[in-house]
Amino acid sequence: MGRMMGYFERGLANRDSSHVKGFEKINQTVNGYYVKSRNIAKVMVHITTFLTNISNITVYIAGIYLLVGHEIQLGTLLAIIMYGEY
């Protein structure tokens with residue numbers, strides 16, 4: 001971004017066409033990185049949601065198992081589930 005802004009600034013000061021070409025090249029590179037980062041972010045949202053759901057299901061299954069075995073009370077299970085949401 002710094003190089004791109006440097007080309008932009010020099011291009012405004014000199015009004016030279018070579019700076020415009022350099023700016024466009026750097027701008028295309030930055031734009032390519034932006035697109036790649038957006039694609040990775042879209043995938044990471046789904047992975048994070050999947051892992052959150054898996055952890056919630058694990059807590060529910062373990063809690064129900066302990067509840068049926070009379071090792072914890074219902075209030076304890078609900079408290080664990082509510083704390084897990086944060």
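Just so it is clear, the values below take in all heavy atoms, side chains as well, and ignore hydrogens, waters and symmetry mates.
Note on Phe50 and Met44: same hydrophobic cluster, where clusters join Ile, Leu, Val, Met, Phe, Trp and Tyr whose side-chain heavy atoms are under 4.5 Å apart, directly or indirectly. Criterion: ILVMFWY side-chain heavy atoms under 4.5 Å apart, direct or through other members. Under it, Ile47 and Ile40 are part of a common hydrophobic cluster. The hydrophobic cluster containing Tyr33 does not contain Ile26, counting ILVMFWY residues as joined when their side-chain heavy atoms lie under 4.5 angstrom apart, directly or transitively.
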Could you go through residues 71-78 and list every donor-acceptor pair under 3.5 Å that involves a side-chain atom there, pairing it with any protein atom two or more places apart or in another chain?
none

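Atom OG1 of Thr58 and atom CG of Asn53 lie 10.5 Å apart (nearest 0.5 Å).
No side-chain heavy atom of Asn39 sits less than 4.5 Å from a side-chain heavy atom of Val43.
Applying the 6.0 Å contact sphere to OH of Tyr60 captures more than 12 heavy atoms from other residues, nucleotides or ligands.
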